Amino acid sequence: MTAFARERELAERAARAAGAIVRRYYESGVRVAEKGPDNPVTRADLEANACIRALVAAAFPADGWLSEETADSAERLRKRRVWVVDPLDGTKEFIQHIPEFCVCIALVEDGRPAVAVEYNPAADRLYAAARGQGATVNGAPAHVTRTARVPDALVLASRSEDQRGEWEAFKGRVRVKLTGSVAHKLAELAAGAGDATFTLTPKNEWDICAGSRTSRASRSASIRGSRCGRG
């Protein structure tokens, strides 16, 4: 059995179960509340979070937990392994019926992401990675692009940042594609659907933890493939 096989299987199963909840609300509509200024939350976020937490707790009860939709506890800081979760990254896109959002589940071990799963239920695309094993999209190997020149790069950008004018300075230097959410952007980079992304606003651990693992794993696999191709 490969390293982290149980954890990856659990993360994939939990992401699909939470994704089914999210998809149901996406198709039927949902009420929106505000956690803070420009920070919406829906029943889909909360029910998906509860679903993931129950499955993780049943399978790995000794592990720690950090999620956008759960009150944080310092107890996780004493744990060697912590699950980092965003049950619905891209709530704004979800509310606007833009199919660019993800369920994000990552396992961090000794401070480093070891397993990551991102699931876009609107597109039924599951991005997954485990340490040392590369990344996959719906089970097929994923690879980043090999674009070498900055002017040729397709950079995935935040819609809200663009609306604030924060991307104007970059539009003449690279090709910019408006894409939401940050987790969806990172997942798409892992699949080769863009060359880069960056943000001008701070992000939380649950926003980028899973995506950083999948994109890094895909990049590593592409480098290994390139080396093999050169003989």
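Keep in mind that the numbers below use all heavy atoms, side chains included, and drop hydrogens, waters and symmetry copies. Fair warning: this is a prediction, and the values are worked out from it, not measured in the lab.
The two atoms that bring C51 and I21 nearest to each other are CB-CD1, 3.7 Å, heavy atoms only. F101 and G90 get closest at one heavy-atom pair: CB-O, 3.6 Å. Closest of all the heavy-atom pairs between T91 and L88 is OG1-O, 3.2 Å. The nearest pair of heavy atoms linking L55 to L10 is O-CD2, 3.8 Å. For the residue pair A128 and V117, the shortest heavy atom distance occurs at CB-CG2, 4.1 Å. The minimum heavy-atom distance between R159 and G180, with the atom names listed, is NH1-N, 3.2 Å.
Enclosure of atom NZ in K177 is not indicated, since only 12 or fewer non-hydrogen atoms of other residues, nucleotides or ligands lie within 6.0 angstrom. No more than 12 heavy atoms of other residues, nucleotides or ligands shown are found within 6.0 angstrom of CZ on R43. At most 12 non-hydrogen atoms from other residues, nucleotides or ligands lie less than 6.0 angstrom from CZ of R173.
Listed by chain and number, the residues in a side-chain contact (heavy atoms from CB on, under 4.5 Å) with P99 are Y26, A122 (sequence neighbours excluded). Applying the side-chain hydrogen bond (donor to acceptor under 3.5 Å, both in side chains) rule to R131 yields no partners; only residues at least two apart in sequence or on another chain are considered. In this structure, the salt bridge (Lys or Arg N to Asp or Glu O under 4.0 Å) partners of R149, at least two apart in sequence or on a different chain, are D152. Legend: residues meeting salt bridge (Lys or Arg N to Asp or Glu O under 4.0 Å) with E205, ordered by chain and number and at least two apart, are absent. With sequence neighbours excluded, the residues that form a salt bridge (Lys or Arg N to Asp or Glu O under 4.0 Å) with D63 are R81. Every side-chain hydrogen bond (donor to acceptor under 3.5 Å, both in side chains) that D89 has, sequence neighbours left out, goes to S181. With sequence neighbours excluded, the residues satisfying ring-ring contact (aromatic ring centres under 6.0 Å, His included) with F60 are W83. Every residue two or more places apart in sequence or in another chain that forms a side-chain contact (heavy atoms from CB on, under 4.5 Å) with S67 is listed here: N49, W65, E69, T70, V85, P87. Residues forming a salt bridge (Lys or Arg N to Asp or Glu O under 4.0 Å) with E161 (at least two apart in sequence, or on another chain): none.
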Would R6 and E9 count as a salt bridge (Lys or Arg N to Asp or Glu O under 4.0 Å) if you check the C-alpha gap in whole Å, the side-chain angles of each, and the deciding distance to 0.1 Å?
CA-CA 5 Å; R6 284 187 62 227; E9 186 279 329; over 6 Å; no

Kindly indicate, with the supporting measurements, whether the criterion side-chain contact (heavy atoms from CB on, under 4.5 Å) is fulfilled by V41 and E68.
-> CA-CA 10 Å; V41 65; E68 180 175 14; over 6 Å; no

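Residues L66, V84, V108, W206 make up the rest of the hydrophobic cluster containing V82, defined by ILVMFWY side-chain heavy atoms closer than 4.5 Å, directly or through other members.
Atom SG of C209 is separated from atom CG of L107 by 8.5 Å, given to the nearest 0.5 angstrom. The distance from atom CZ of R125 to atom SG of C102, rounded to the nearest 0.5 Å, is 9.5 Å. Atoms CD1 and CZ, from I105 and R13 in turn, are 10.5 Å apart once rounded to the nearest 0.5 Å. Once rounded to the nearest 0.5 Å, the distance linking CZ of F4 with CD of E109 reads 4.0 Å.
Side-chain contact between K203 and T201: present, with at least one pair of heavy atoms (C-beta onward) separated by less than 4.5 Å. Residues E118 and L126 form no side-chain contact, since every pair of their non-hydrogen atoms from C-beta on lies 4.5 Å or further apart.
Side chains of R8 and T136: a donor-acceptor N/O pair is present below 3.5 angstrom, by distance only.
Under a 3.5 Å cut-off, the side chain of D195 and the backbone N or O of L154 do form a donor-acceptor pair. Between the R213 side chain and the P113 main chain, a donor and an acceptor come within less than 3.5 Å of each other. In this structure a side-chain-to-backbone donor-acceptor pair under 3.5 Å is missing from K92 to P40. Panel note: side chain N138, backbone D124; a donor-acceptor pair is recorded below 3.5 Å.
In the hydrophobic clustering of ILVMFWY residues, with side-chain heavy atoms under 4.5 Å counting as a link, V176 and I98 come out apart. Linking Ile, Leu, Val, Met, Phe, Trp and Tyr residues whenever their side-chain heavy atoms come within less than 4.5 Å places Y25 and V103 in a single cluster. There is no path of hydrophobic side-chain contacts, each under 4.5 Å, that joins V137 to V182. Follow the hydrophobic side-chain contacts under 4.5 Å out from L200 and you never reach I208; the two are in separate clusters.
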Kindly list each side-chain donor-acceptor pair under 3.5 angstrom involving residues 183-194, sequence neighbours excluded, with atom names and distances?
from	atom 1	to	atom 2	distance (Å)
K185	NZ	T179	O	2.9
E188	OE2	Y127	OH	2.6

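Within the structure, every pair that satisfies the ring pair (Phe, Tyr, Trp, His ring centres under 6.0 Å) test and touches residues 149-170, not counting sequence neighbours, is listed here: W167-F170, W167-F198, F170-F198.
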